Amino acid sequence: MNGKRPRIAVIGSTNVDFCSYVARLPQAGETIGNGVFMQANGGKGANQAVAAARLGGDVSFVTSIGTDSIGDELLNHFGNEGIDCSAVLRNPDVSTGIALIVIDKKGENIITVNPGANAMLTCERIAAVKELIAGVDAVVMQAEIPYSSVKCAAQIAHDAGVLVIYNPAPVCDVDDEMMALTDVMILNQTEAAIISGSENTAEAAQRLLKRGVKNVVITLGSKGAYFTCANGTSATIPSFKVKAIDTVGAGDTFCGAFAVAYARRKAVDLESLRFATAAAAISVTRNGAQPSIPSIEETLSFISHHNELTDKK
Ligand code: ATP
Ligand code: RIB
C-alpha cells in the first residue's frame with residue numbers, strides 16, 4: 001500500500017445516524033425498552049468517503065446537506081478527515097439526511113432513511129462538477145441519491161477514462177446502460193439476488209457480468225467476499241475472524257477501502273480484496289458507521305498480525 005495517494009471522488013449521501021442498541025429487534029407494533037442511544041455520522045456516501053480518506057485516498061466528496069447546524073458540523077468533520085469539500089452542496093430548504101437505526105445484541109440491524117437534502121443532488125449539480133469527476137482515478141457511488149444523478153456521474157467518469165465503482169445499496173433497479181458503465185459493482189448477497197434474479201452467488205455474479213459489468217464483488221458478511229470478472233477468474237476471499245458487535249457501515253468500509261486499493265493498483269486482485277476485507281472486519285468490532293472505520297495504519301498492522309498467526313500454524 002505504498003506510493004502516491006490515489007484520487008477518489010465519492011458521489012453520494014450524507015446522513016446523521018440515530019442509533020438505538022437494544023436486546024432484540026422489535027416486531028411490527030412492538031416497543032422494546034432499555035435501549036442505549038448513540039448519534040453517529042453516517043450515510044453510505046459519507047461513510048465511503050471517510051473510509052477512503054482514512055485508508056489512504058485523496059478524497060473529494062460530492063454530496064448535498066442542509067444549511068442546518070448538523071450540516072455545519074458535518075462539513076467541519078469532513079474537513080478534519082482531510083476530505084475536499086469544494087463540491088458539497090448546501091440546501092437552505094431541506095434538512096440534512098437522517099437515518100434511524102436499531103441494532104440488536106447479535107449486531108443485526110434495521111434502518112430507515114429520511115433522505116432530506118440527499119434528494120437534491122440532481123444531474124444538474126453533477127454536471128456542474130464535471131471537471132472534478134473527470135480528474136480523479138476512480139469514482140465511487142451508491143444508491144441514496146437520485147439514480148439519474150448516479151448515471152450522469154458514471155457517464156462523465158466513463159467518458160474521461162475514470163474507473164467507476166458502483167455499490168447499488170440500498171437495493172434499486174439497475175438498467176443495462178448503468179451496468180455497462182460500471183467497472184466494479186460491489187453489492188451484498190441480498191442486493192445481488194434481487195438485482196440479478198438468482199439466489200446463487202456465482203450465478204448472480206455471472207448474470208451481472210452478462211449485463212455488462214466488468215468486475216463483480218459480492219460481499220458475504222462473516223463469510224468474506226466473492227469476486228469474478230469477464231475473463232473467467234473467480235475467487236472467494238475469506239473474512240478475518242473477529243467478534244462482530246455492530247455491522248452498520250461494514251459494506252461501506254469495504255467499498256471505501258477497496259476503492260483506494262483498486263485505484264492504486266488498477267486491478268481487482270486478491271491484495272485489494274484482502275485489504276477491504278480486513279478494514280471491514282475491524283469496523284464490525286466497534287459501534288457506529290464512521291466511528292468504526294479504521295485508519296490505514298491500523299488495517300495494515302491487523303493484516304500483518306493475522307499473517308504472523310497464519311505463518312505460525
Ligand atoms: P452492512 O449493510 O451491514 O454495512 P453489507 O450488508 O453491505 O453490510 P456485508 O456483506 O454484511 O455487507 O459485509 C461487508 C463486509 O464486511 C464483508 O465482505 C466482510 O468482509 C466484512 N464483515 C461483515 N461481517 C463480518 C463479520 N461478522 N466478521 C468479519 N467480517 C465481516
Ligand atoms: O450503510 C450504512 C448506512 O446506511 C448508515 O450509516 C445509514 O446512514 C444508512 O444510510
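Every heavy atom of this structure was used, including side-chain atoms; hydrogens, water molecules and symmetry mates were not. From a predicted model like this one, the values you see are computed outputs, not experimental measurements. Numbers for residues simply follow the sequence, beginning at 1. Read the numbers this way: they start at 1 and go in the same order the structure lists the ligands and their atoms.
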Check each atom of ligand 1 against the heavy atoms of [X] and keep those under 4.0 Å away; list them by number with element.
{"X": "Val242", "result": "28 (N), 29 (C)"}
{"X": "Ala244", "result": "27 (N)"}
{"X": "Leu220", "result": "10 (O), 18 (O)"}
{"X": "Thr247", "result": "1 (P), 3 (O), 4 (O)"}
{"X": "Gly249", "result": "4 (O)"}

Looking at ligand 1, would Gly224 count as a contact under a 4.0 Å heavy-atom criterion?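 Right, Gly224 reaches ligand 1.
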Residue portion contacting ligand 1 (non-hydrogen atoms closer than 4.0 Å) for [X]:
{"X": "Asn188", "result": "side chain"}
{"X": "Thr190", "result": "neither"}
{"X": "Ser222", "result": "both"}

Considering heavy atoms of the protein only, find what lies nearest to [atom] and give residue, atom and distance to 0.1 Å.
{"atom": "atom 12 (O) of ligand 1", "value": "Thr219 OG1, 3.4 Å"}
{"atom": "atom 17 (C) of ligand 1", "value": "Gly221 O, 3.4 Å"}
{"atom": "atom 21 (C) of ligand 1", "value": "Ala280 CB, 3.6 Å"}
{"atom": "atom 20 (O) of ligand 1", "value": "Thr277 CG2, 3.4 Å"}
{"atom": "atom 29 (C) of ligand 1", "value": "Phe240 O, 3.3 Å"}
{"atom": "atom 7 (O) of ligand 1", "value": "Gly251 CA, 3.6 Å"}

Salt-bridge test for Asp176 and Arg211: reply yes if a basic N is under 4.0 Å from a carboxylate O, no otherwise.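 Salt bridge flag = yes for Arg211 with Asp176.
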Test side-chain contact (heavy atoms from CB on, under 4.5 Å) applied to Asp183 and Val268, Leu163, Ile165, Val139, the passing residue: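 Per the side-chain contact (heavy atoms from CB on, under 4.5 Å) rule, the option paired with Asp183 is Leu163, out of Val268, Leu163, Ile165, Val139.
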Checking side-chain contact (heavy atoms from CB on, under 4.5 Å) against Ile98, which of Asp17, Val113, Ile70 comes through?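 For Ile98, the side-chain contact (heavy atoms from CB on, under 4.5 Å) check succeeds only for Ile70.
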Relative to each other, are the rings of Phe78 and Phe61 parallel, tilted or perpendicular (30° and 60° limits)?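 Ring orientation of Phe78 relative to Phe61: perpendicular.
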Check the angle between the aromatic planes of Tyr166 and Tyr147 and answer parallel, tilted or perpendicular using the 30° and 60° thresholds.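 Because their plane-to-plane angle lies in the 30° to 60° range, the rings of Tyr166 and Tyr147 count as tilted.
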Nearest heavy atom to atom 2 (C) of ligand 2: which of Thr14, Asp252, Ile98 does it belong to?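 Nearest heavy atom to atom 2 (C) of ligand 2 lies in Asp252.
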Which residue from Glu144, Gln290, Gln48 reaches closest to atom 10 (O) of ligand 2 through any of its heavy atoms?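 Looking at heavy atoms only, the winner is Glu144.
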Within a radius of less than 6.0 Å around [atom1] of [X], do more than 12 heavy atoms belonging to other residues, nucleotides or ligands occur?
{"X": "Glu203", "atom1": "CD", "value": "yes"}
{"X": "Gln27", "atom1": "CD", "value": "no"}
{"X": "Lys266", "atom1": "NZ", "value": "yes"}

Is there a path of hydrophobic side-chain contacts, each under 4.5 Å between heavy atoms of I/L/V/M/F/W/Y residues, joining Ile103 to Val242?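 Each belongs to a different hydrophobic cluster.
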I need the atoms of ligand 2 closer than 4.0 Å to a non-hydrogen atom of [X], numbered in the order shown.
{"X": "Gly43", "result": "5 (C), 6 (O), 7 (C), 8 (O), 10 (O)"}
{"X": "Gly42", "result": "6 (O), 8 (O)"}
{"X": "Ala99", "result": "7 (C), 8 (O)"}
{"X": "Ala289", "result": "6 (O)"}
{"X": "Asp17", "result": "5 (C), 6 (O), 7 (C), 8 (O)"}

Protein contact for atom 2 (O) of ligand 1 (heavy atom, distance under 4.0 Å):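 So atom 2 (O) of ligand 1 lacks protein heavy-atom neighbours under 4.0 Å.
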